[in-house]
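Only a predicted model underlies this, so the values are computations on that prediction, with no experimental measurement involved. Side chains are part of it too, since the values below use all heavy atoms of this structure and drop only hydrogens, waters and symmetry mates. Residue numbers begin at 1 in each chain, while the letters A, B, ... track the order of the sequences.
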There are 2 protein chains.
Amino acid sequence: MGEPIAKYDVFQAISDPTRRKMLRLLADAEMPITAISGHFPMSRTAVSKHLRILSEAGLVKERRVGRENRFRLSAEPLRELQEWYSYFERFWDNKLAALQRYVESED
Amino acid sequence: MGEPIAKYDVFQAISDPTRRKMLRLLADAEMPITAISGHFPMSRTAVSKHLRILSEAGLVKERRVGRENRFRLSAEPLRELQEWYSYFERFWDNKLAALQRYVESED
DNA sequence: TTGATATGAAACCATTTGGTTGTATATAAT
DNA sequence: ATTATATACAACCAAATGGTTTCATATCAA
């Protein structure tokens, strides 16, 4: 059959400030859970759960290296976010954004 | 003092699919709660609660007209979403978006 | 004035969310 | 072989979320 229905979509995944910070953190470096955990005032388990949610939304990829589980950003699903809000851009008269979409949509 | 701390931010407000649909609905017309309610398979009270959340996030404005409470979109807070998202645009090599930000940031 | 309409507000409920601690297991280092 | 490290997994918990129903109140229409 098709794709398994993902429990978490992008909108839900980024609704939590901790997870938004995680995405920023993982944008520039691949990191194992313990290292990531050092950046947040919560247990490693809690961090792990957030990463699981981000993973289900496709926003991070994991790779097993020895006993470590290294995570890195996978930004592509964020495009859905852009698609959604682009509908509203006309309300702040963003001419250049409109132009950009127009130019890039001709394929 | 400054602004009262808003309970709901934009990210949380749009994390719910019902609320995202509401914003679309209110983009083109100002509507009272009962009319809005007709578009969703839930009680008027539930709709009202969603509108309250959108209101706290600044995404809708309400105006009392007689016994009606009319809502309309207030898209401006979505800029925050755009700002956040723009950080990640470099990951899909979006030259035009970069150009756009560059041009629009010179004020 | 009497009734219908539009909304607000309170109480309640099940599920989800974001966190915890404790235990188990695989891998790496001494 | 033993110990330390990195993670997973299960159980638990309080608070938030998304919904309901019931009742009160303000306004409009006949």
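- Exactly one residue among Leu51(A), Leu54(A), Leu26(A), Ile53(A) makes a side chain to side chain contact (heavy atoms under 4.5 Å, CB included) with Leu59(A). That residue is Leu54(A).
- Remark: P of dA8(D) and CZ of Arg70(A) are 14 Å apart, rounded to the nearest angstrom.
- Taking 4.5 Å as the limit, some side-chain heavy atom of Arg52(B) sits within range of a side-chain heavy atom of Glu62(B).
- Within the 4.5 Å cutoff, side-chain heavy atoms of Met22(A) are placed close to those of His50(A).
- The CZ atom of Arg52(B) sits 10 Å away from the C1' atom of dT7(C) (whole-angstrom rounding).
- Relative to the ring axis of Tyr87(A), Arg90(A) places its NZ or CZ within 45° and under 6.0 Å from the centre.
- To the nearest angstrom, P of dA6(C) lies 11 Å from CD1 of Ile33(B).
- At whole-Å resolution of the value, CZ in Phe40(B) and C1' in dG18(D) are 14 Å apart.
- Look at CZ on Arg64(B): it is 12 Å from C1' on dT5(C), rounded to the nearest Å.
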**Fill in**
Quick tally for nucleotides 17-28 of chain C: nucleotides whose base has a protein heavy atom under 4.0 Å get B, sugar-phosphate-only ones S, the rest -, giving SSBBBB----BS
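- One can place CE of Met31(B) at 12 Å from P of dA6(C), the figure rounded to the nearest angstrom.
- At dA6(C), none of the side-chain N or O atoms of Asn69(B) fall inside 4.0 Å of OP1 or OP2 (strictly under the cut-off).
- Every side chain to side chain contact (heavy atoms under 4.5 Å, CB included) that Ala29(A) has, sequence neighbours left out, goes to Met31(A).
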**Request:** For the pair Met42(A) and Thr18(A), evaluate side-chain contact (heavy atoms from CB on, under 4.5 Å) and give the outcome as yes or no after the intermediate values.
**Result:** CA-CA 10 Å; Met42(A) 64 186 68; Thr18(A) 298; 3.8 Å; yes
